[in-house]
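Working notes, structure below.
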There are 2 protein chains.
Amino acid sequence: MDNWDEVRTAFQVARMGTVSGAADVLGVHHATVIRHIDALEGKLGVKLFQRHARGYTATEAGEDLLLVAKATDDQFSQLEGRIKGSGDAVSGELVVTSLESMARLLAPIMTDFQAEYPEVIVRYLTGARLFRLEYGEAHVALRAGPKPQELDNVVQSLGRLRLGLFASPSYIERHGKPSGADDLAGHRFVGPDETRLRAPFLTWMKDNLKPEQIVFRTMDAIATEQAVIAGAGIGFLPLWVSHDHPELQEVMPALDEWSGELWLVTHVDLHRTTKVQAFVNFLKDRAAADWVCS
Amino acid sequence: MDNWDEVRTAFQVARMGTVSGAADVLGVHHATVIRHIDALEGKLGVKLFQRHARGYTATEAGEDLLLVAKATDDQFSQLEGRIKGSGDAVSGELVVTSLESMARLLAPIMTDFQAEYPEVIVRYLTGARLFRLEYGEAHVALRAGPKPQELDNVVQSLGRLRLGLFASPSYIERHGKPSGADDLAGHRFVGPDETRLRAPFLTWMKDNLKPEQIVFRTMDAIATEQAVIAGAGIGFLPLWVSHDHPELQEVMPALDEWSGELWLVTHVDLHRTTKVQAFVNFLKDRAAADWVCS
DNA sequence: CATCTATTGTGAGTATTTGCACAGAGAGGG
DNA sequence: CCCTCTCTGTGCAAATACTCACAATAGATG
């Protein structure tokens, strides 16, 4: 039973009762149908049909095959309907991944997206390791830094993530507010724990600050934010935190060199699907409205 | 979804996770697998797999297909087992047809056959019209007269059905017993109702008897037998009736020209099956033992 | 009873599919 | 860090399967 097409042919012959009728339905020549039946019977070692001039009638084995193949035909038809429909429907899972630091940006957007497309179940993957689109781990990824070069990925720019240097009123009260880029010596900073990262603002930190100035070190974006709010030091935060925490003060005008490009990445095999396109467009609209300007 | 082989290929790819692995299982080249997947995705308009250097991972649509195709694979395997097994098993229905007059011969044989193969359900078709093997109405037919010439039928001789002229004691008591072939005038006979039949003993009756001598006419073999037993007249009965009714007397030695050839007919498509062969052999053994000699 | 139509069955030519060889790309190991 | 191994992807040649044409048979029909 290693050739499902022959089963399908036999099914149509059993259903129609004639080779010619089956050939019409299948859209092939009747000689092809005869050869399929002969091959299948040869492999099974059992006659499936009795031949006579008025057509083929199924034997017991043929009747058995008819029942099984009819069920298969139904199931394949339903499958085809589901698959073709699902291609245009925005439903099922939508898996998004990004660096942990993006959670504050993405969570509200994904919430709104789910509200607009109630059929969708949104999963947001974030963690230590990079989830890979190539393995189907996620449909959409948000990446920062240099433009991703993976071959099978569709990469589009989402704009720049603008950062500013913020300090809390409690910090300014104790240490004062720097007057400008030249007045940072002696100030305390909140920064990342690792120096291997290549984000643009980190380069600036290494160039303009002494290592001992970074008194609070963490990899966690939320922890950074909380540390700045608590007054542990001056820290880089996205410009839009002033929406949630208007008490924070920008200690100096944001420099362009601090901002990093944001990339919206999808796998080429999924990029064309309606579901992914719906999310991508939704995300781009919101990004343009919320991030880039403010 | 008009190519079940492509579905089967996609199923193996989803199961194995790699094109190469699926190609090994299917016994085809991996390029063929790739082309099948591409064709199927093209027809469905949806990506079933995400391609990467380490293999293929199924999308949601691919997962759906995997489930359906796995069920199909299971069902086909079971079907194959049933069909291949049923080819060698003596089970299911065995349909036998013959002229009504054979019922007395065949019924005990079929009963014994069923006892030896309890898995078999024996159906015995008999009636006015001829049941045709070509249409699958019966597996085995018993025919009398000239050798059947149907193209698709396997015909083998089962020997001659020997008939004798019998009379009951009550008839002999009233009308006497003919002394021989020359002493039949004035005797009463039990015979067939129709004259169109071509059985050899009918020809003899037409040649040697006046029509008015046939006083009891019936097409039914049982009725003929009962009429002879009741003394309605002299009648042609198979020689073996003396087993069941030893009181009947043969009024004259049986002539060879009375006997007709018996043919055992099977359809060529079913002749090779174990079930049919089992019955054919069983029938030939019993025929040799019961009919030909006695 | 002759004819007509619908069906199966088979041989030959053609077209599509398949197999092979090689290239490219990651992943893992020493 | 390089090397190797596996897996995917593609152009080209061969094999297989398909289509076409014709023959034959058996009902159907007038």
Side-chain angles (χ1 to χ4, degrees), chain A residues 2-6 8-10 12-43 47-58 62 129-130 132-137 148-153 267-269, chain B residues 2-6 8-10 12-43 47-58 62 129-130 132-137 148-153 267-269:
Chain A
D2 58 346
N3 196 327
W4 288 8
D5 267 339
E6 289 172 357
R8 177 163 178 264
T9 302
Q12 289 296 348
V13 172
R15 203 165 67 90
M16 295 284 111
T18 64
V19 169
S20 306
D24 284 344
V25 173
L26 295 168
V28 297
H29 202 271
H30 73 270
T32 304
V33 175
I34 292 176
R35 293 196 169 94
H36 277 187
I37 301 299
D38 290 345
L40 192 55
E41 286 181 340
K43 274 180 275 194
K47 288 289 175 188
L48 295 170
F49 299 95
Q50 290 187 57
R51 293 132 169 87
H52 46 85
R54 295 284 297 172
Y56 278 34
T57 57
R129 78 181 177 90
L130 209 62
R132 308 205 58 165
L133 299 177
E134 292 81 18
Y135 293 87
E137 292 181 315
Q149 296 295 336
E150 280 88 358
L151 279 179
D152 295 335
N153 289 352
H267 195 278
V268 66
D269 288 344
Chain B
D2 57 345
N3 195 327
W4 288 10
D5 268 338
E6 289 173 357
R8 178 164 177 263
T9 302
Q12 289 296 347
V13 171
R15 204 166 64 92
M16 295 285 110
T18 65
V19 169
S20 305
D24 285 343
V25 173
L26 295 168
V28 297
H29 202 269
H30 74 270
T32 303
V33 174
I34 292 176
R35 286 189 272 256
H36 277 188
I37 302 297
D38 289 346
L40 190 57
E41 286 181 339
K43 274 179 276 193
K47 289 287 177 186
L48 295 170
F49 300 95
Q50 289 187 56
R51 294 134 168 85
H52 47 86
R54 296 283 294 173
Y56 278 35
T57 57
R129 75 184 179 89
L130 207 63
R132 308 204 59 163
L133 298 176
E134 292 82 16
Y135 290 76
E137 292 182 315
Q149 296 296 336
E150 280 88 358
L151 278 178
D152 294 336
N153 289 354
H267 195 278
V268 64
D269 287 346

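For the numbers below, each heavy atom of this structure counts, side chains included, while hydrogens, waters and symmetry mates do not. Labels below follow one simple rule: chain letters A, B, ... track the order of the sequence lines, proteins then strands, and each chain is numbered from 1.
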**Item:** Separation of atom CZ in Phe49(A) from atom P in dG9(C), rounded to whole Å
**Value:** 12 Å
**Between dG9(C) (C1') and His52(A) (NE2): distance, integer Å** = 15 Å
**Prompt:** Mind checking whether Thr18(B) and Tyr56(B) have side chains closer than 4.5 Å, heavy atoms only?
**Reply:** no
**Asked** Rounding to a whole Å, what distance do you find between Arg8(A):CZ and dA17(D):C1'?
**Response** 16 Å
**Fill in**
In this structure, CZ of Arg35(A) is separated from NE2 of His30(A) (nearest 0.5 Å) by 9.0 Å
**Prompt:** Closest to the Ile34(B) side chain: dG26(C), dT19(D), dT10(D)?
**Reply:** dT10(D)
**Rounded distance in Å - CG (Asp152(B)) to P (dG27(D))** = 11 Å
**Request:** Return the angle between end axes of the helix from dC1(C)-dG30(D) to dG30(C)-dC1(D), with five pairs used per end and rounding to 10°.
**Result:** 30°
**From Gln12(B) atom CD to Ile37(B) atom CD1, the distance as rounded to the nearest 0.5 Å** = 10.5 Å
**Prompt:** Does a side-chain heavy-atom distance below 4.5 Å link Asp5(B) with Asn3(A)?
**Reply:** yes
**Prompt:** Whole Å only: how far is the CG atom of Asp5(B) from the C1' atom of dT16(C)?
**Reply:** 15 Å
**Fill in**
From the candidates dG19(C), dT8(C), dA27(C), the one with an atom nearest any side-chain atom of Thr32(B) is dG19(C)
**Prompt:** Nearest of dC18(D), dC7(D), dC20(C) to any side-chain atom of Ser20(B)?
**Reply:** dC7(D)
**Prompt:** Checking salt bridge (charged side-chain N to carboxylate O under 4.0 Å, His left out) for the pair Arg51(B)/Asp38(B): CA distance, chi angles, key distance, verdict?
**Reply:** CA-CA 11 Å; Arg51(B) 294 134 168 85; Asp38(B) 289 346; 2.9 Å; yes
**Prompt:** Between Asp24(B) (CG) and dT18(C) (P), how many Å, whole number?
**Reply:** 16 Å
**Contact under 4.0 Å: Arg132(B) side-chain N or O vs dG27(D) OP1/OP2** = yes
**Request:** Calculate, to the nearest 0.5 Å, the distance between atoms CG and CG belonging to Asp269(A) and Leu133(A) respectively.
**Result:** 11.0 Å
**Asked** How do Asp38(B) and Gly27(A) order along DNA chain D: which one's closest nucleotide is nearer the 5' end?
**Response** Asp38(B)
**Prompt:** Do the side chain of Arg35(B) and the base of dG9(D) come within less than 3.5 angstrom through a donor-acceptor pair of N or O atoms?
**Reply:** no
**Prompt:** Rounded to the Å, how far apart are Asn3(B) CG and dA17(D) C1'?
**Reply:** 13 Å
**Asked** Taking the side chain of Ala31(A) as its heavy atoms from C-beta onward, which of dG19(C), dC18(D), dT10(C) lies nearest to it?
**Response** dT10(C)
**Asked** Where the side chain of His30(B) is concerned, which of dT10(C), dG19(C), dA21(C) is the nearest nucleotide?
**Response** dA21(C)
**Asked** Picking from dG11(C), dG27(D), dA27(C), which would you name as closest to the side chain of Arg54(A)?
**Response** dG27(D)
**Message:** Among dG27(D), dT8(D), dA21(D), which nucleotide has an atom closest to any side-chain atom of Tyr56(B)?
**Reply:** dT8(D)
**Message:** Between C1' on dT8(C) and CD on Glu41(A), what's the gap in Å once rounded to a whole number?
**Reply:** 14 Å
**Request:** Could you check whether Arg51(B) gets within reach of a base, just the sugar-phosphate, or nothing at all, counting any heavy atom under 4.0 Å?
**Result:** sugar-phosphate
**Message:** Does this structure show an ion pair linking Lys43(A) with Asp2(A), if we count only N-O contacts that are shorter than 4.0 Å?
**Reply:** yes
**Message:** Less than 4.0 angstrom between a side-chain N/O of Tyr135(A) and OP1 or OP2 of dG26(C), yes or no?
**Reply:** no
**Request:** Counting heavy atoms from C-beta on, name the nucleotide in dC12(D), dC20(D), dT8(D) closest to the side chain of His29(A).
**Result:** dC20(D)
**Message:** I'd like to know if Lys47(A) and Glu41(A) make a salt bridge, using a cut-off of under 4.0 Å between side-chain N and carboxylate O.
**Reply:** yes
